[in-house]
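In this text, all values refer to a predicted model and were calculated from it rather than measured experimentally. Every chain is numbered from 1 and lettered A, B, ... according to where its sequence line falls, protein lines coming before strand lines.
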Protein chains: 4
Amino acid sequence: MQEQPFHETMTKTEQTAPSPFRSRGTSSKYERILQSAGQLFLQQGYERTSMSQIAHLAGVSKGSLYNHFENKAGLFTAFFEERSRTRLNTLKSVSQAPQPDLRTALRQASATIITLMIDPEAIGLYRIVVAEANEFPNLADTLWHYGVSRTLTGLAEWFAEKHAAGQLVIEDSDLAAEQFLTMSQTRIIHRTRLSLPVDTSPASIDEVASMVADSFLRMYAP
Amino acid sequence: MQEQPFHETMTKTEQTAPSPFRSRGTSSKYERILQSAGQLFLQQGYERTSMSQIAHLAGVSKGSLYNHFENKAGLFTAFFEERSRTRLNTLKSVSQAPQPDLRTALRQASATIITLMIDPEAIGLYRIVVAEANEFPNLADTLWHYGVSRTLTGLAEWFAEKHAAGQLVIEDSDLAAEQFLTMSQTRIIHRTRLSLPVDTSPASIDEVASMVADSFLRMYAP
Amino acid sequence: MQEQPFHETMTKTEQTAPSPFRSRGTSSKYERILQSAGQLFLQQGYERTSMSQIAHLAGVSKGSLYNHFENKAGLFTAFFEERSRTRLNTLKSVSQAPQPDLRTALRQASATIITLMIDPEAIGLYRIVVAEANEFPNLADTLWHYGVSRTLTGLAEWFAEKHAAGQLVIEDSDLAAEQFLTMSQTRIIHRTRLSLPVDTSPASIDEVASMVADSFLRMYAP
Amino acid sequence: MQEQPFHETMTKTEQTAPSPFRSRGTSSKYERILQSAGQLFLQQGYERTSMSQIAHLAGVSKGSLYNHFENKAGLFTAFFEERSRTRLNTLKSVSQAPQPDLRTALRQASATIITLMIDPEAIGLYRIVVAEANEFPNLADTLWHYGVSRTLTGLAEWFAEKHAAGQLVIEDSDLAAEQFLTMSQTRIIHRTRLSLPVDTSPASIDEVASMVADSFLRMYAP
DNA sequence: CATGAATGAGAATTCATTCAT
DNA sequence: AATGAATGAATTCTCATTCAT
């Protein structure tokens with residue numbers, strides 16, 4: 001792959017050493033709790049996860065949970081915040097490198113979006129937001145902030161550049177970004193969110209991505 | 001509105017009079033339970049809703065619940081099935097009446113889709129499917145069957161006709177239908193599902209619908 | 001087998017037609033209930049058996065149970081009475097036929113007692129009496145009346161004859177009968193009542209019976 | 001009573017002071033629960049005893065029961081094990097002291113067996129085993145292990161000594177022990193297990209014990 | 001900070017019994 | 001007689017949270 005038309009920021013390492021002085025030899029108790037809570041919340045949802053389960057999985061006592069977090073809801077929102085911040089990889093920016101092939105760049109951008117959004121972590125966080133929308137309305141803001149807005153901004157900037165360069169004719173680059181993101185959700189992302197059977201192979205992803213690129217070009221090519 | 005380019009089947013009245021001789025207060029206990037369960041499940045989700053709450057709201061004893069449904073899961077799936085069947089209005093078909101203005105027809109179809117899919121009932125059912133995807137995998141099939149597939153089929157048939165008539169150039173009408181449906185979810189539906197603030201006024205809906213129609217025409221106009 | 005030193009009264013057929021005018025074509029509802037209740041009470045005990053289970057197994061409605069029996073306790077005692085009366089086979093009498101071999105007669109009597117008392121029906125009824133001794137004190141009387149006293153009387157009469165004939169020296173024939181019955185319970189009956197693993201083959205039964213006969217002869221032979 | 005031909009191990013005191021520094025009101029919660037559960041299980045049986053009753057009698061909350069025992073069945077088996085171990089007094093050994101009178105020794109051994117086996121604790125445990133044989137098959141093993149086998153072994157050893165000393169002619173001392181134990185159950189034990197009215201006075205016990213001794217001597221005297 | 005026993009409210013479910021049809 | 005829906009009390013068990021150690 002000779003060109004890299006987009007740049008995905010890897011943030012997974014961010015959470016590796018948040019409190020260097022805490023843990024004895026491994027990770028601090030705070031982190032172990034957060035990690036275990038996350039695993040369970042993502043698998044089972046909020047209500048089905050008990051504080052006992054979390055304590056057990058983290059290898060700490062139930063009481064310790066309340067030394068670090070005010071209550072179950074506090075632990076839950078802390079988990080969600082932290083996961084959204086550190087694990088929600090996004091298409092933050094598209095490289096300004098000279099691109100011989102705009103269609104390929106679009107296709108790869110779409111494929112990246114699809115791949116990122118069907119990551120189990122992302123799907124799980126999406127599910128939690130939808131499931132707990134009534135009880136925890138702030139979750140959606142967090143998800144949007146860390147997960148969507150950066151992707152949209154990155155796309156919009158890139159589209160604006162292409163417009164300026166005359167390669168695309170886009171008046172409202174924010175709208176175009178939203179359309180591009182929405183179209184990328186066709187079939188694979190949508191069905192994955194519903195746990196419906198769907199082919200998520202790279203070939204299948206590329207097929208959808210190609211369709212998105214073609215459609216987008218037909219919509220915005222000069 | 002001089003033309004009616006689509007036909008939405010209204011099924012909401014179907015459940016209005018299930019037992020014509022029973023007053024509202026004495027409608028069959030089965031239905032009262034199902035109705036109350038639905039209200040609570042949609043508001044609170046599966047786990048947060050207790051059988052006691054349902055019995056209380058339905059005005060029956062807790063034991064009665066188990067005379068009509070095997071257990072909580074059985075009541076839940078029965079509710080979901082019934083609601084999906086009777087309350088999930090869909091864009092089933094688009095009228096074959098001569099259409100002077102294709103763009104208007106597309107715009108109205110999109111607006112209808114948006115309106116139907118941000119209906120609280122539809123949003124609630126979607127949330128439940130996503131939230132309970134692990135515990136109740138069949139829900140998604142039910143939602144797809146009653147909610148999505150008919151819309152897709154209706155759109156695909158309509159597009160095939162337009163292709164035959166030379167008004168559009170569409171090779172894969174199923175794909176086109178999926179694209180049209182996905183694009184219609186831009187902004188309003190997506191944000192509504194996450195309970196994010198969003199303008200759902202008719203004007204706002206029409207704005208998105210117009211954008212969808214324009215984009216679609218640019219993609220498929222001859 | 002040239003001699004029949006004892007006579008076991010088969011009473012299993014007694015319950016075949018207790019109410020000839022009741023049933024439509026098969027057995028009457030009353031009998032079906034009693035039969036089903038018995039099956040379940042014997043298998044599961046009183047508390048673990050529900051009226052619903054009985055109604056279901058009998059193929060009648062729950063309400064019907066209360067048309068024929070006052071309540072669960074009434075059905076239970078009716079079942080126990082009927083089963084004890086009709087299914088508790090006992091060694092009622094020992095034949096007066098000339099007996100060339102007293103030891104063989106004793107051995108066969110003991111073997112018969114063992115066989116009768118490890119019958120699942122008898123074991124089940126014994127268990128029920130022991131289990132429900134506090135709640136239903138009358139059960140023991142019923143069991144004793146139909147199950148034990150006739151055996152004891154039969155044995156005592158036989159022993160008295162043998163004493164009169166000079167074949168045995170028995171002053172208290174009632175006590176001797178009780179001893180004979182108690183000794184016959186060695187190992188097999190006792191362990192069967194506790195559901196402990198035990199060999200109940202005819203050979204094993206005969207082994208114990210032989211031991212009983214030998215011991216009894218050493219105790220009472222002239 | 002000049003001679004002590006048998007030795008009964010008294011274990012009742014073992015559980016009297018499990019936690020020497022705790023007053024009766026603050027004896028360990030685990031023990032209070034076990035004690036209360038035992039009282040109720042023995043009186044009412046497994047099914048009729050509720051966890052609420054146990055909690056109430058023990059003076060603890062319902063939830064506390066589950067901090068110490070996995071569930072009702074776990075509490076039940078724990079109770080049975082503990083009671084069988086600590087409360088099931090047995091005729092473990094018969095003293096080797098020179099015995100001027102073998103018949104008296106036999107009589108006292110039998111009387112001891114009868115007395116031990118009609119102890120309310122022993123009767124209750126026997127009832128529970130019989131009642132719950134299907135649901136809790138392991139109970140019988142426990143009862144046999146702590147209650148019967150030691151008595152049988154003690155008797156068999158004693159009989160073997162008497163055989164070696166020429167006082168009895170016993171080829172199979174294990175069988176003889178089983179016979180002696182079975183014969184001792186004549187009348188009193190058997191009827192007590194069924195809650196049938198029976199004279200359990202020392203005089204009555206001695207009467208049966210004398211009969212057992214006499215019969216045993218007639219069977220095995222040289 | 002860490003622990004885990006203790007709590008009491010509430011969860012789902014069962015059950016004997018009644019009663020209108 | 002027969003039915004089976006309705007009832008409400010009771011059952012087992014879970015859970016978030018507290019607090020003495």
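- The distance between atom CG of D:N67 and atom P of F:dC13, rounded to the nearest whole Å, is 14 Å.
- Qualifying side chain to side chain contact (heavy atoms under 4.5 Å, CB included) partners for A:N71, counting only residues two or more places apart in sequence or in other chains: A:Y66, A:A73.
- Nucleotides F:dT21 and E:dC1 place their P atoms 23 Å apart, quoted to the nearest Å.
- If C:L65 and B:G59 are placed on DNA chain F by their nearest nucleotide, the residue sitting closer to the 5' end is C:L65.
- Against DNA chain F, the stretch residues 36-43 of chain A makes no heavy-atom approach under 4.0 Å.
- For the helix from E:dA2-F:dT21 to E:dT21-F:dA2, the axis fitted to the five pairs at one end and the axis fitted to the five pairs at the other end meet at an angle of 0° (nearest 10 degrees).
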Would you mind writing out the side-chain donor-acceptor pairs for residues 50-61 of chain D within the sub-3.5 Å range, not counting sequence neighbours?
residue, atom, partner, partner atom, Å
D:S50, OG, D:S52, N, 3.4
D:S50, OG, D:Q53, N, 3.1
D:Q53, OE1, D:Q44, NE2, 3.3
D:Q53, NE2, D:R48, O, 3.4
D:S61, OG, D:S64, N, 3.3
D:S61, OG, D:S64, OG, 3.3

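- Among residue pairs with one or both ends in residues 52-73 of chain A, none qualify as salt bridge (Lys or Arg N to Asp or Glu O under 4.0 Å); sequence neighbours excluded.
- Not counting sequence neighbours, the partners of B:D141 by the side chain to side chain contact (heavy atoms under 4.5 Å, CB included) test are A:L196, B:N138.
- Checked by atom type and distance alone, the side chain of A:T49 pairs as donor or acceptor with a backbone atom of A:L40 at under 3.5 Å.
- In this structure, the side chain of B:T77 engages the main chain of B:G74 through a donor-acceptor pair within 3.5 Å.
- Ring planes of D:Y30 and D:F69: parallel class, angle under 30° (limits at 30 and 60°).
- Atom C1' of nucleotide E:dC1 and atom CZ of A:R32 are separated by 14 Å, given to the nearest angstrom.
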**Report entry** B:I128 vs B:F136, side-chain contact (heavy atoms from CB on, under 4.5 Å): CA-CA, chis, key distance, verdict
**Finding:** CA-CA 10 Å; B:I128 281 182; B:F136 297 91; over 6 Å; no

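- Heavy-atom nearest nucleotides on DNA chain E were determined for D:I33 and for C:A73, and the one closer to the 5' end corresponds to D:I33.
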Taking only N/O atoms, report every protein-nucleotides 19-21 of chain E pair under 3.5 Å with atom names and distance.
none

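- We find that OH of B:Y30 is positioned 18 Å from P of F:dG4, with the value rounded to whole Å.
- Residue C:K72 has no polar side-chain atom (N or O) positioned under 4.0 Å from OP1 or OP2 of E:dC15.
- A:I123 meets the side chain to side chain contact (heavy atoms under 4.5 Å, CB included) test with A:R127, A:T192, A:R193; sequence neighbours excluded.
- Residues passing the ring pair (Phe, Tyr, Trp, His ring centres under 6.0 Å) test with D:Y126: none are found, sequence neighbours excluded.
- For the atom pair CZ (A:R32) and OG (A:S28), the distance works out to 8.0 Å, reported to the nearest 0.5 Å.
- Toward the 5′ end of DNA chain F lies the nearest nucleotide of C:S61, the other residue of the pair C:S61 and D:E70 mapping further downstream.
- For the pair B:N71 CG and E:dA12 P, the interatomic distance rounds to 11 Å; values are reported in whole Å.
- To the nearest 0.5 Å, the span separating CG on B:L139 from OH on B:Y46 amounts to 10.5 Å.
- Using a 4.0 Å cut-off, some side-chain N or O of C:K29 falls inside it from OP1 or OP2 of F:dT3.
- For the contact set between residues 44-57 of chain D and DNA chain F, defined by any heavy atom under 4.0 Å, the members are D:T49, D:S50, D:M51, D:S52.
- Legend: residues meeting side chain to side chain contact (heavy atoms under 4.5 Å, CB included) with B:T142, ordered by chain and number and at least two apart, are B:F80, B:E81, B:S84, B:Y146.
- B:L42 places a side-chain heavy atom less than 4.5 Å from the side chain of B:F79.
- For A:L75 and F:dA16, the CG to C1' distance is 12 Å, given to the nearest whole Å.
- The side-chain hydrogen bond (donor to acceptor under 3.5 Å, both in side chains) search around C:Q35 returns C:R83, not counting sequence neighbours.
- Look at CZ on B:F69: it is 15 Å from C1' on F:dA6, rounded to the nearest Å.
- Close to E:dG4, at under 4.0 Å from its OP1 or OP2, lies no side-chain N or O of D:H68.
- Using a 4.0 Å cut-off, some side-chain N or O of A:S64 falls inside it from OP1 or OP2 of E:dT3.
- Residue-level contact check: C:K62 touches the bases, meaning some heavy atom is under 4.0 Å from a base atom.
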